[in-house]
Amino acid sequence: MSPVSLLGMPGQRSLINNEYSCTCGECPPTKISARVVVRIMCAVLQAMEDLKHEIQQLEPNTIIDDIDLRCQYPYNLIPPRVQETHKETLIGAYNILLVIYIIMQDGGMPRSQDVRELCIKEAAQLPYVDEYIQSGGSVMHILEELTSQVEGDLRGDALHVDSDELLETLEQIRPCALDESLLGWRRELHLSE
């Protein structure tokens, strides 16, 4: 069967040149389906909610030095190389997630440089982003952890079950073979494959 004949057959996967090919006819040249975008945005909101919950339980300047805890979600949004994690470091990560969400909500791709520039521009409203970056954190690390979380969701071995709201939103979007792949997303953001 030729690649052309697969177009318009939702749900059918086609391996062409070692990557999935769009079957809905609506994916952009970046090969990121609308359903993948929605899943990532949902993961950003979930990570923000979970970080907010942890932040509210900590006193200012609290040092988080429990290695086991720091390897667990949502603390894994702080890179392991960060020597000293404070409550304020978590707030910085939260604010980077917020910027990622805003960029995606406007239809953009949260490229690392764009996220950093918006964080600098809105520094007054986004406290502790500098502390997060200066302590060894990075936008790329947050994007990598988010991507891994969504990939885990797609495999069915992640922390979270798809919410009813997410499922309802996904039902309104035409299925595509690219719904199962974050390869286009990884390539567009220069994340490891």
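A salt bridge does not link Glu151 to Arg39: none of the charged nitrogens lies less than 4.0 Å from a carboxylate oxygen. Checked for salt-bridge contact, Lys87 and Glu59 miss the test: no charged N lies under 4.0 Å from a carboxylate O. Checked for salt-bridge contact, Glu188 and Arg111 meet the test: a charged N lies under 4.0 Å from a carboxylate O.
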Run the side-chain donor-acceptor check on residues 121-130: report pairs under 3.5 Å with partners two or more places apart or on a different chain.
none

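Atom CE of Met48 is separated from atom CD1 of Ile96 by 12.0 Å, given to the nearest 0.5 angstrom. For the atom pair Ile40 CD1 and Ile32 CD1, the distance stands at 7.0 Å (nearest 0.5 Å). Glu88 contributes atom CD, which lies 7.5 Å from atom OG1 of Thr62 (distance to the nearest 0.5 angstrom). To the nearest 0.5 angstrom, Arg116 atom CZ is 9.5 Å from Cys119 atom SG. With rounding to the nearest 0.5 angstrom, the SG atom of Cys42 is 8.0 Å from the CG atom of Asp153. The distance from atom CD of Glu193 to atom CG of Leu183, rounded to the nearest 0.5 Å, is 5.0 Å.
Contact detail for Ser181 and Val36: the closest heavy-atom pair is O-CG2, 3.8 Å. Leu77 approaches Ala47 most closely through the heavy-atom pair CD1-CB, 4.2 Å. Counting all heavy atoms, side chain and backbone alike, Pro110 lies closest to Ile100 at CB-CG2, 3.8 Å. Considering every non-hydrogen atom in both Met41 and Met104, the closest pair reads CG-CE, 3.6 Å. The nearest pair of heavy atoms linking Cys24 to Pro175 is CB-O, 3.5 Å. Contact detail for Glu144 and Ser192: the closest heavy-atom pair is OE1-OG, 3.2 Å.
The closest side-chain donor-acceptor pair between His53 and Gln57 falls under 3.5 angstrom. If you check the side chains of Asn76 and Gln72, you find no donor sitting under 3.5 Å from an acceptor. With 3.5 Å as the limit, one finds no donor-acceptor pair spanning the side chains of Gln149 and Tyr73. Side-chain contact, Gln113 with Glu117: a donor N or O sits under 3.5 Å from an acceptor N or O. Counted by atom type alone, Thr89 and Glu131 present zero donor-acceptor pairs between their side chains at under 3.5 Å.
Cluster annotation: Ile173 and Val150 are assigned to distinct hydrophobic clusters (Ile/Leu/Val/Met/Phe/Trp/Tyr, side-chain heavy-atom contacts under 4.5 Å, transitive). Tracing side-chain contacts under 4.5 Å through hydrophobic residues (I, L, V, M, F, W, Y), one never reaches Val37 starting from Leu170; they form parts of separate clusters. Hydrophobic clustering, with ILVMFWY side chains joined whenever heavy atoms are under 4.5 angstrom apart, groups Leu189 together with Ile102. Under the 4.5 Å side-chain contact rule for hydrophobic residues, Leu154 and Leu45 share a cluster.
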- Item | Leu58 vs Ile64, side chain to side chain contact (heavy atoms under 4.5 Å, CB included): CA-CA, chis, key distance, verdict | CA-CA 9 Å; Leu58 298 170; Ile64 304 151; 3.7 Å; yes

- Under the side chain to side chain contact (heavy atoms under 4.5 Å, CB included) rule, what do Leu97 and Leu146 come out as? Steps first, then yes or no, please. CA-CA 10 Å; Leu97 286 165; Leu146 281 172; 3.7 Å; yes

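Atom NZ of Lys52 has 12 or fewer heavy atoms from other residues, nucleotides or ligands within 6.0 Å.
Side chains of Leu51 and Ile91 form no contact here, defined as non-hydrogen atoms less than 4.5 Å apart. When side chains are defined from C-beta on, Leu166 counts as touching Val38, because their heavy atoms get closer than 4.5 Å.
Screening Ile142, Asn95, Thr85, Val139 for a side chain to side chain contact (heavy atoms under 4.5 Å, CB included) involving Tyr132 leaves a single residue, Ile142.
Panel note: side chain Arg186, backbone Leu191; no donor-acceptor pair is recorded below 3.5 Å. Panel note: side chain Asp179, backbone Cys176; a donor-acceptor pair is recorded below 3.5 Å.
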